[in-house]
A.B. asks: 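For reference, the structure I am asking about is given below.
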Amino acid sequence: MKARLTKLPREFYLRPTLQVARDLIGKILIFNDNKKIMSARLVEVEAYIGRDDPACHAFVGKTERNEVMFGTGGFSYVYFIYGMYNCLNVVTERDGFPAAVLIRGAEPLGGIESMKRNYKNPGKNLLTNGPGKLCKAFGLTREHNGLDLTGGQLYLADDGKRVEKIECSVRIGIKKGVDKKWRFFDPASPYISKIIR
DNA sequence: TGTTGGATCAACT
DNA sequence: GTTGATCCAACAC
């Protein structure tokens, strides 16, 4: 726990999306909301690559909503879905290439009390084993769209810990492009949203 | 200007 | 296993 955190540099996000997605497993997501700092270790992500991915928001072209995905990597893309939930994405690759990594699941590390307060409905359910829940726990909304992940408010870091095994599978909850195995997760974690191969 | 459907979650049966 | 909650953006007219 005393391991030194290294904030991921811009270059990390500018690499091929699938590589970034795989490397994000085991990294730490940190969010500073002016009061408390919350952090969680990523255990599940999915890649969305505009060019040949019909499930990606950017597939149909650039719009006001997905604008950030077309920009330079290393920015947040938060969108609202199903009228109730936000999902957090990390934009990847260079300017003009639309791609992002959806954060689906994470293990809470710090600021758990803040997460519970944000979530309001503690219950026996896990706080962060799903994209919508994760955003609710962190208090992320569309207001956090387009944040620079190399800044101080929202960013990702490496604590030097290596995940023993990373598995991949088809993505979840989409209806197009389901043949692509672009979901990466840590099979040893209880915080993955679902087990599929 | 109106309609429709979505990268979800939780509460039911 | 199925369904309701509920907002925004894309598309058709």
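Here is the naming used below: chain letters follow the sequence lines, and residue numbers restart at 1 for every chain.
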A.B. asks: Linking I/L/V/M/F/W/Y whenever their side-chain heavy atoms sit closer than 4.5 Å, directly or via other members, would A/I103 and A/Y79 fall into one cluster?
C.D. replies: no
A.B. asks: From CD1 of A/I192 over to C1' of B/dC9, roughly how many Å is that when rounded to an integer?
C.D. replies: 18 Å
A.B. asks: When rounded to the nearest 0.5 angstrom, what is the spacing between CG in A/L24 and OH in A/Y13?
C.D. replies: 7.0 Å
A.B. asks: Which dot-bracket string fits DNA chain C when only Watson-Crick or G-U wobble pairs with both atom distances under 3.5 Å count, crossing pairs get [ ], and | stands for a partner on a different strand?
C.D. replies: |||||.||||||.
A.B. asks: How does protein reach along nucleotides 2-7 of chain C, written 5' to 3' as B (base within reach of a heavy atom under 4.0 Å), S (only sugar-phosphate), or - (no contact)?
C.D. replies: ---BBB
A.B. asks: Take atom CG of A/N86 and atom P of B/dG6, then tell me their distance rounded to the nearest Å.
C.D. replies: 19 Å
A.B. asks: Select one nucleotide: of B/dA7, C/dA10, B/dA10, the one nearest the side-chain heavy atoms of A/T63.
C.D. replies: C/dA10
A.B. asks: For A/V101 and A/K133, take the nucleotide of DNA chain B holding the closest heavy atom to each; which residue's nucleotide lies nearer the 5' end?
C.D. replies: A/V101
A.B. asks: Is the phosphate of B/dA7 approached by A/R183 (side-chain N or O, under 4.0 Å from OP1 or OP2)?
C.D. replies: no
A.B. asks: Between atom CG of A/N89 and atom OH of A/Y48, what is the distance when rounded to the nearest 0.5 Å?
C.D. replies: 8.0 Å
A.B. asks: What is the distance, to the nearest angstrom, from the CG atom on A/L140 to the C1' atom on B/dT8?
C.D. replies: 16 Å
A.B. asks: Taking atom P of B/dA7 as reference, at what distance in whole Å does atom NZ of A/K181 sit?
C.D. replies: 21 Å
A.B. asks: Rounded to whole angstrom units, what separation is found between the CZ atom of A/R65 and the C1' atom of C/dA9?
C.D. replies: 6 Å
A.B. asks: Could you give the NZ-to-P distance, from A/K136 to B/dA10, as a whole number of Å?
C.D. replies: 7 Å
A.B. asks: Going from CG on A/L42 to CZ on A/F184, what distance comes out if it is rounded to the nearest 0.5 angstrom?
C.D. replies: 13.5 Å
A.B. asks: Taking atom NZ of A/K36 as the centre, report whether more than 12 heavy atoms of other residues, nucleotides or ligands fall under 6.0 Å from it.
C.D. replies: no
A.B. asks: Nearest-Å distance, CZ (A/F59) to P (B/dG5)?
C.D. replies: 19 Å
A.B. asks: In whole angstrom, give the distance that lies between atom OH of A/Y79 and atom C1' of C/dC8.
C.D. replies: 13 Å
A.B. asks: So, A/H144 versus A/F138, ring centres under 6.0 angstrom or not?
C.D. replies: no
A.B. asks: Give the nucleotide from the list B/dA7, C/dC11, B/dG6 with an atom nearest to the side chain of A/V60.
C.D. replies: C/dC11
A.B. asks: How many angstroms lie between atom CZ of A/R117 and atom NZ of A/K35, to the nearest 0.5 angstrom?
C.D. replies: 7.5 Å
A.B. asks: Think A/K175 has a side-chain N or O under 4.0 angstrom from the OP1 or OP2 of B/dA7?
C.D. replies: no
A.B. asks: Flag yes if more than 12 heavy atoms outside A/R65 fall under 6.0 Å of its CZ atom; otherwise flag no.
C.D. replies: yes
A.B. asks: Using 4.0 Å as the upper bound for N to carboxylate O, is an ion pair formed by A/D23 and A/R15?
C.D. replies: yes
